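Take a look at the structure below.
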Amino acid sequence: MASKFFAFLDRMKLIDRWALMRNTQVEDVAQHTMQVAMIAHALCVIENTLYGGKLDAEKAAVIALYHESAEVVTGDLPTPVKYYDADINRAYKNIESRAEQKLVDTLPDELKAAFSQYVKADKKAPEYIMVKRADKMSALIKCVEELAVGNMEFEKAHEATLKSLMGVPEKSVKYFLDVFIPAYSMSLDSLLD
């Protein structure tokens with residue numbers, strides 16, 4: 001019998017993000033996942049290199065590759081809905097957990113443990129926490145890019161996301177904000193200079 005696992009995951013490219021917002025550029029979950037994997041890896045490298053961290057950057061990148069996998073079953077629930085109140089958030093987390101298990105269950109038995117550690121990652125692991133920081137950083141980047149082309153629809157999201165990131169304890173997050181985020185509003189000509 002064929003395993004449906006990777007066919008399911010391939011559908012990330014069909015799920016658009018930011019559904020309640022006017023977008024100048026559509027972003028799908030597959031694009032977002034790739035960006036989060038790169039940023040999670042970078043945050044861990046920065047934390048280890050500059051601040052004495054002991055994070056597994058490669059593990060964080062792999063967790064990031066699977067961090068939205070449940071959305072191939074649930075779709076992307078917009079943030080204002082997901083966090084509307086504690087009851088909705090708890091219910092969504094339950095649905096998300098069940099969707100993750102459904103995905104793991106599509107794997108051959110001999111591979112379930114190997115992939116489950118990423119699809120159903122330990123939410124308290126430091127690498128997972130860095131993935132959550134990278135996820136938020138990806139949202140900030142989307143806001144910066146939209147604002148750079150005059151789409152004021154993302155102004156409040158930008159303010160809230162930046163405030164959230166400024167409040168985290170990891171120094172690597174502040175470093176990334178200071179060193180890398182400014183370039184996201186640059187034109188191609190400016191990037192090439």
Side-chain angles (χ1 to χ4, degrees), residues 12-13 15-69 71 76 78-80 82-83 117-119 121-193:
M12 286 194 282
K13 65 187 176 201
I15 303 166
D16 291 337
R17 292 175 44 82
W18 302 93
L20 298 179
M21 308 279 277
R22 280 188 291 274
N23 291 268
T24 62
Q25 181 68 40
V26 175
E27 176 185 69
D28 65 48
V29 173
Q31 292 166 322
H32 166 72
T33 297
M34 191 263 317
Q35 184 179 55
V36 172
M38 288 190 308
I39 296 168
H41 183 268
L43 290 175
C44 290
V45 168
I46 293 164
E47 194 71 31
N48 292 346
T49 304
L50 302 179
Y51 305 112
K54 303 272 189 251
L55 299 163
D56 183 338
E58 288 75 21
K59 179 180 178 181
V62 177
I63 290 169
L65 289 173
Y66 293 97
H67 87 282
E68 300 284 22
S69 59
E71 290 188 7
D76 181 38
T79 297
K82 193 184 302 186
Y83 297 104
Q117 67 180 314
Y118 301 114
V119 174
D122 175 6
K123 310 288 191 255
K124 293 180 180 161
E127 290 82 7
Y128 180 83
I129 291 166
M130 290 306 249
V131 169
K132 295 309 287 178
R133 305 296 189 242
D135 192 36
K136 188 71 76 175
M137 194 72 73
S138 175
L140 180 69
I141 290 166
K142 172 65 172 170
C143 295
V144 167
E145 290 173 339
E146 290 286 342
L147 290 171
V149 296
N151 185 358
M152 300 313 291
E153 179 88 5
F154 283 80
E155 189 172 29
K156 288 196 186 267
H158 177 270
E159 290 170 12
T161 306
L162 181 58
K163 181 179 179 184
S164 174
L165 284 166
M166 293 298 287
V168 302
E170 296 85 7
K171 292 178 182 174
S172 55
V173 171
K174 175 84 167 80
Y175 182 95
F176 197 96
L177 287 169
D178 291 343
V179 174
F180 296 108
I181 290 298
Y184 283 92
S185 60
M186 292 180 174
S187 68
L188 177 60
D189 290 337
S190 295
L191 288 171
L192 291 171
D193 279 344

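Quick caveat, the model's predicted, so the values are computed rather than measured.
Once rounded to the nearest 0.5 Å, the distance linking CD of Q117 with CD1 of I63 reads 8.0 Å. Separating the CE atom in M166 from the OG1 atom in T161 is a distance of 13.0 Å, to the nearest 0.5 Å. From Y51, atom OH reaches atom CD1 of I46 across 8.0 Å, with rounding to the nearest 0.5 Å. Rounding to the nearest 0.5 Å places CE of M34 at 9.0 Å from CD1 of I39. Distance OH/Y66 to CE/M12: 8.0 Å, rounded to 0.5 Å.
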Quiz prompt | Stepwise side-chain contact (heavy atoms from CB on, under 4.5 Å) check, E155 with H158 | solution = CA-CA 5 Å; E155 189 172 29; H158 177 270; 5.7 Å; no

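A 4.5 Å side-chain heavy-atom check between V45 and L55 finds every atom pair outside the cut-off. You'll find the side chain of V168 stays beyond 4.5 Å of the side chain of I129, heavy atoms only. At least one side-chain heavy atom of D135 sits less than 4.5 Å from a side-chain heavy atom of E68. Between S172 and M130 the shortest side-chain heavy-atom distance falls below 4.5 Å. Using a 4.5 Å heavy-atom threshold, the side chains of L43 and E170 count as separate. Put simply, the side chain of M137 reaches to within 4.5 Å of the side chain of I181, judged on heavy atoms.
When every heavy atom of W18 is checked against every heavy atom of A157, the shortest pair comes out as CZ3-CB, 4.4 Å. When every heavy atom of Q31 is checked against every heavy atom of V26, the shortest pair comes out as OE1-O, 3.7 Å. Taking each heavy atom of L147 and F154 in turn, the nearest pair found is CD2-C, 4.1 Å. When all heavy atoms are compared, the tightest approach of N23 to N151 is CA-ND2, 4.1 Å. In this structure, V131 and V36 approach most closely via the heavy-atom pair O-CG1, 3.9 Å. Of all non-hydrogen atoms in E153 and M21, the two that sit nearest each other are O-CE, 3.2 Å.
Between E47 and R133 there is no salt bridge, since none of the side-chain N atoms of the basic residue sits less than 4.0 Å from a carboxylate O of the acidic one. Using a 4.0 Å cut-off between charged side-chain N and carboxylate O, K163 and E159 make no salt bridge.
Side chain of S164 to main chain of A160: no donor-acceptor pair is present (N/O by atom type, distance under 3.5 Å, no hydrogens or angles). Counting only distance, with no hydrogens or angles, the side chain of H67 and the backbone of A64 share a donor-acceptor pair below 3.5 Å. Between the side chain of E127 and the backbone N or O of K59 there is no donor-acceptor pair closer than 3.5 Å.
A search for side-chain hydrogen bond (donor to acceptor under 3.5 Å, both in side chains) contacts involving D28 returns nothing, not counting sequence neighbours. Every residue meeting the ring-ring contact (aromatic ring centres under 6.0 Å, His included) condition with F176, not counting sequence neighbours, appears here in chain and number order: F180. In this structure, K171 has no side-chain hydrogen bond (donor to acceptor under 3.5 Å, both in side chains) partners at least two apart in sequence or on a different chain.
Donor-acceptor pairing under 3.5 Å is lacking for the side chains of S185 and E145. Inspection of the S187 and S190 side chains reveals an N or O donor paired with an N or O acceptor under 3.5 Å. At a cut-off of 3.5 Å, with distance as the only test, a side-chain donor of S138 or Q35 sits close to an acceptor on the other residue.
Screening E71, E146, E27 for a salt bridge (charged side-chain N to carboxylate O under 4.0 Å, His left out) involving R17 leaves a single residue, E27.
For K124, the NZ atom sits in a loose shell: 12 or fewer heavy atoms of surrounding residues, nucleotides or ligands are nearer than 6.0 Å.
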